[in-house]
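In what follows, a single structure is set out as structure tokens and then discussed.
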Amino acid sequence: MDESFTEAVLETVERVPAGHVVTYGLIAERLGRGGARQVGRVMALEGAAVPWWRVVRADGSLPPHLMVDAQRHWRDEGTPVRRGRVIVAEALAPGF
DNA sequence: CGTGTGACTGGGC
DNA sequence: GGCCCAGCCACAC
């Protein structure tokens, strides 16, 4: 993966409004390159620089080690959650 | 060049 | 709902 892909992913994440989310797969689809795993790779390496809690798995969850902090952010932003997972169908960012 | 790994997914049970 | 599994694809060894 090259640097432009990394920047494209981070820029997409920064555009997601508070209270909304996008999935790894949707970001890849939107960019037209890479795949969910590649987006996940970018987040693992540089996600700390952006609102990473607005990028979730297709089922609205995140890896175990991030769930505690993520839930705090989702609560603060009023993101629709159920059983600890974001309700993707309701929280999906406009335009996705 | 073969293998293992992982902030992923969709399908099957 | 949860678990498993194959497919996925860039990367490190």
Side-chain angles (χ1 to χ4, degrees):
Chain A
M1 119 180 87
D2 63 332
E3 198 173 310
S4 67
F5 179 70
T6 296
E7 291 184 20
V9 170
L10 297 179
E11 184 182 324
T12 299
V13 176
E14 291 175 327
R15 289 185 192 292
V16 179
H20 293 264
V21 300
V22 289
T23 68
Y24 297 92
L26 284 174
I27 291 177
E29 188 180 302
R30 165 63 64 93
L31 297 180
R33 48 177 167 158
R37 304 200 79 135
Q38 280 49 252
V39 172
R41 185 160 215 290
V42 171
M43 293 308 286
L45 298 175
E46 320 200 23
V50 297
W52 55 266
W53 58 91
R54 293 178 194 159
V55 182
V56 303
R57 290 174 173 160
D59 70 352
S61 69
L62 278 177
H65 70 287
L66 295 174
M67 290 303 278
V68 178
D69 284 300
Q71 294 206 40
R72 189 183 77 263
H73 285 293
W74 293 334
R75 197 170 55 246
D76 291 345
E77 301 184 347
T79 305
V81 173
R82 181 165 52 175
R83 294 191 211 100
R85 299 185 298 91
V86 172
I87 303 174
V88 181
E90 294 181 20
L92 195 59
F96 285 83

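Being a predicted model, the structure only gives us computed values, none of them experimental. Proteins get letters first, then strands, A, B, ... in listed order; numbering begins at 1 in each. Note that these values count all heavy atoms, side chains included, but never hydrogens, waters or copies made by symmetry.
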Contact list for residues 58-67 of chain A, test salt bridge (Lys or Arg N to Asp or Glu O under 4.0 Å), sequence neighbours left out: none

Atom pairs, protein N/O to nucleotides 1-4 of chain C N/O, distance under 3.5 Å:
from	atom 1	to	atom 2	distance (Å)
C:dG1	OP2	A:R83	NH1	2.9
C:dG1	OP2	A:R85	NH2	3.1

Pairwise side-chain contact, A:D69 with A:W74, heavy-atom cut-off 4.5 Å (strictly under): no

Atom pairs and distances, donor-acceptor, side-chain atoms in residues 18-31 of chain A, under 3.5 Å, two or more places apart:
from	atom 1	to	atom 2	distance (Å)
A:H20	ND1	A:A91	O	3.3
A:H20	ND1	A:L92	O	3.4
A:T23	OG1	A:L26	N	3.1
A:R30	NH2	A:G95	O	2.4

Donor-acceptor pair under 3.5 Å, A:R37 side chain vs C:dC9 base: no

Distance in angstrom units between A:Q38 CD and B:dC8 C1', rounded: 9 Å

Option passing side-chain contact (heavy atoms from CB on, under 4.5 Å) with A:W52 (candidates A:V13, A:L62, A:L10): A:L62

Rounded interatomic separation in angstrom, taking CZ from A:R33 and P from B:dC8: 20 Å

Qualifying residues under salt bridge (Lys or Arg N to Asp or Glu O under 4.0 Å), relative to A:E90, sequence neighbours excluded: none

Neighbour count >12 (heavy atoms, 6.0 Å) for atom CZ, A:R15: no

Salt bridge (Lys or Arg N to Asp or Glu O under 4.0 Å) partners of A:D76, counting only residues at least two apart: none

Provide a list of protein-nucleic acid N or O atom pairs under 3.5 angstrom, restricted to nucleotides 9-13 of chain B.
from	atom 1	to	atom 2	distance (Å)
B:dT9	OP1	A:Y24	N	3.3
B:dT9	OP1	A:G25	N	3.1
B:dT9	OP2	A:A58	N	2.9

Atom-to-atom span, CD of A:E29 to C1' of C:dC8 - whole angstrom: 15 Å

Hydrophobic cluster membership, A:I87 vs A:W53, 4.5 Å side-chain cutoff: no

Integer-rounded Å distance: C:dA10 C1' and A:M43 CE: 17 Å

Length of the CZ-P vector between A:R41 and B:dC8, whole Å: 12 Å

